[in-house]
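Have a look at the structure below, then the notes.
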Amino acid sequence: MMRVFALCLMVLPGVTLAQTPVQRAVDVHILPGFQALAQQTGALKAASAVGCTDLEAPYHQTFDAWMGVSHLRFGPTEVEDRAFAMAFWPDTKGFTPKSLSALIADQDPVVRDPALFAEVSVAARGLFALEFLLYDDRFASGDTYRCGLIRAIAADMDRIADDILADWTLSYGSELTTPGGDSRYRTGDEAAQELFKALSTGLQFTSDTRLGRPLGTFDKPRPNRAEARRSARSLRNVLLSLASLRDLAALLSEGHPGTAAELDAAFDRSIALAERLEDPDFAGVTTPQGRFRVEALKNSIDEIRAITATRLGPQLGVAAGFNSLDGD
Amino acid sequence: MKSALLSTAIAAFALTAPALATAEVSKADVLANYSDIAAANYGDSVTTAKALQVAVEALIATPSVETLQSAKAAWLMSRVPYQQTEVFRFGNAIVDDWEGKVNAWPLDEGLIDYVDASYGGPTDDNEFAALNVVANPSFTLSGNEIDASQITPELLSDTLHEADGVEANVATGYHAIEFLLWGQDLNGHGTGAGNRPWTDYAQGEACTHGNCDRRAAYLKAATDLLVSDLEWMAAQWAEGGDARSTVTANEDAGIVAMLTGMGSLSYGETAGERMRLGLMLNDPEEEHSCFADNTHNDHYYDGLGVQNVYLGQYMGADGTLVAGPSLSDLVGQADPVLDVEMREKLSRTMLALGRIKTAAEAGFAYDQMLERGNLGGEALVMGGVAGLIDQTKSIERAVVALGLDQVDFEGSDSLDNPDAVFQ
């Protein structure tokens with residue numbers, strides 16, 4: 001990043017410099033994404049205050065907004081486990097139903113105090129806890145405590161979304177765009193690497209986790225492991241994540257038209273495959289035909305990952321670095 | 001005046017002489033020392049596992065409070081060298097492909113033996129979460145009738161381990177053995193670890209919870225398997241072994257493997273999966289050694305392993321120090337300031353992990369630190385997490401400083417996808 005920047009300075013003295021891709025990403029991708037999220041959680045909180053029925057629409061709108069930013073897992077989302085509290089998934093050991101059952105069984109008064117509720121297990125907070133309460137037969141029947149729990153979750157999500165947005169607006173945006181000095185980013189390359197990691201990790205998560213988990217193996221497909229299957233939005237999440245990652249990829253590849261075109265075409269192929277899938281919760285992975293189509297989608301995302309790693313990374317002069325998916 | 005000048009000259013000479021005398025450290029030297037450390041560290045893992053094997057045989061031959069206690073003590077000692085080897089996992093495919101046999105976690109322990117009613121039965125994710133092999137000499141697994149009348153190492157490794165393709169079906173390794181020695185920790189966030197009675201291994205009338213002969217056979221099979229699996233890995237790092245020849249074959253790839261192991265263990269695995277997740281879930285059993293309550297040591301020795309690899313030093317179980325050319329030397333040649341930064345951060349992490357260990361050994365167990373609203377516990381655990389995340393940033397900088405960020409043998413995703421380096 002900075003090398004290109006410096007070069008511009010030399011050849012175009014006196015000309016106002018174009019924004020760096022990092023600056024543009026903050027302005028047109030990151031901040032609008034978190035603004036949309038805060039707006040939707042606000043609407044969800046307001047709707048839950050009115051009543052605990054008919055919350056499906058604001059739930060879906062909030063989830064949609066989350067998919068626009070769920071790959072931005074650094075800085076403000078990682079403070080106080082905010083992103084985990086917003087969306088705890090995958091839940092390999094069934095912590096969400098277990099924690100919700102425990103709160104309900106104890107009629108735990110923690111739901112009446114927002115500060116205390118912020119200390120509750122992340123598994124009992126956020127979108128996936130709300131999904132259980134709205135869509136799972138074990139939790140969907142109405143009583144007073146359930147409604148209080150829903151309100152506590154909605155208010156907690158709104159607080160978190162506001163906090164993330166405030167951090168981005170007040171400090172983190174400028175930290176990312178003005179490296180050096182007190183910034184945790186020493187150079188422009190480190191800032192660019194952060195966004196590059198968000199892109200590559202986001203693609204990895206959608207391929208390996210959102211699609212890989214329900215695919216399981218040929219002998220043992222695992223449709224029950226699909227993300228947000230209870231509200232039938234597993235495929236929608238894949239589509240929305242691809243749309244948002246495409247947006248970020250386009251910003252990062254701006255100065256490299258060849259790579260930008262390649263990435264754009266690869267995203268086109270993936271999105272077209274996803275749009276033709278017509279399998280909202282990936283239940284089709286149990287049939288050979290359905291499985292084949294989900295695998296084709298996964299492979300197409302892996303092609304985007306390959307272009308990102310072998311073309312975009314070197315052109316930006318950054319390496320993938322470490323991410324939270326390293327390990328088991 | 002003259003003598004003052006002379007002493008200045010001597011001082012100047014003393015300051016510059018070591019730098020002049022020290023030859024540049026090469027990547028080959030660093031990789032050779034790294035392999036020596038791995039060989040010594042896995043060697044110690046074998047030695048201490050064999051001591052565990054002797055103690056387990058004594059427990060089975062003459063079950064008593066004392067022999068059970070000795071076996072537990074041997075298990076705890078065996079974890080000290082083993083946890084330090086975890087830093088070899090992520091960069092080295094040969095280790096990563098193998099480690100699930102010996103250190104898989106977390107596990108649905110009901111696969112193996114009896115559990116408390118609060119454990120529940122089969123789950124969405126795992127139909128065999130409560131299979132209880134100790135109590136069932138035959139059962140159906142994925143449509144096949146399984147004869148488990150003889151509990152052998154082969155039954156554990158070939159049939160039960162990851163049964164039905166579920167990773168939580170952990171039938172072998174340290175944590176299966178841990179469960180067989182301690183039993184479930186039913187104390188929640190309260191004081192105490194698992195409290196399996198020694199009579200679970202008593203034969204005849206004194207046997208508690210049934211099938212003591214089969215339980216003993218399971219424990220022996222799992223321990224024998226642990227020893228043979230560790231022996232195999234130690235051999236891979238000896239002169240001429242596959243792990244050593246792979247990591248030394250391509251110097252840049254080898255150094256990337258070292259840094260990948262350090263970064264992945266620090267960040268995704270220890271800081272994320274093992275520390276932060278348990279805290280976020282407030283679940284007392286979401287800790288690495290949940291039966292024995294030894295998690296503070298798991299994290300501490302994982303952190304020490306990372307520091308070992310950077311400093312090129314390993315303190316053996318018999319007091320032998322293996323030390324030689326290190327990553328620290330290499331980074332120091334390229335960017336002395338970064339080398340200081342990295343050593344400081346590794347030390348700070350060890351201080352933070354040491355505090356967790358100190359508090360735990362004084363009675364504030366790791367599972368108590370995870371309790372909802374326990375601010376002291378949260379600060380302790382997050383101190384370790386923050387240190388591990390912070391050092392990962394410097395590990396990434398080291399990759400850049402050593403010119404390995406654009407190593408083109410497998411693209412720039414080498415750090416993100418360690419396996420790719422060796423495909």
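Reminder, nothing fancy here: chain letters follow the sequence lines and each chain counts from 1.
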*Between chain A and each of A271(B), G263(B), S142(B), G272(B), count heavy-atom pairs under 4.5 Å; write down the option with the most.*
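Result: the option with the highest number of such pairs is G263(B).
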*Find the distance between CG (N282(B)) and OG (S121(A)) and round it off to the nearest 0.5 Å.*
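Between N282(B) CG and S121(A) OG, I get 5.5 Å after rounding to 0.5 Å.
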*Report the distance from atom CZ of R372(B) to atom CG of D108(A), rounding to the nearest 0.5 Å.*
4.5 Å
*What residues of residues 386-395 of chain B sit under 4.5 Å from chain A when only non-hydrogen atoms are counted?*
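Hits under 4.5 Å: T392(B), K393(B), I395(B).
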Given a strict heavy-atom distance threshold of 4.5 Å, which part of [X] is in contact with chain A: side chain, backbone, both, or neither?
{"X": "L277(B)", "value": "side chain"}
{"X": "V385(B)", "value": "neither"}
{"X": "D164(B)", "value": "both"}

*Decide yes or no for M280(B) and R125(A): does some side-chain heavy atom of the first lie under 4.5 Å from some side-chain heavy atom of the second?*
no
*R397(B) side chain reached by E190(A) side chain, heavy atoms, under 4.5 Å*: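 Yes; the side chains approach each other to less than 4.5 Å.
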*Using a heavy-atom distance cut-off of less than 4.5 Å, which residues of residues 86-95 of chain A contact chain B?*
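At a heavy-atom separation under 4.5 Å, chain B is reached by F88(A), T92(A), K93(A), F95(A).
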_Around atom NZ of K101(B), are there more than 12 heavy atoms from other residues, nucleotides or ligands closer than 6.0 Å?_
no
_Would you say CG of D137(A) has more than 12 non-hydrogen atoms from neighbouring residues, nucleotides or ligands within 6.0 angstrom?_
no
*Measuring heavy-atom distances to chain B, does R186(A) have an atom under 4.5 Å in its side chain, in its backbone, in both, or in neither?*
both
*Under 4.5 Å from any heavy atom of chain B - which part of E80(A)*: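 For E80(A), no heavy atom lies under 4.5 Å from chain B.
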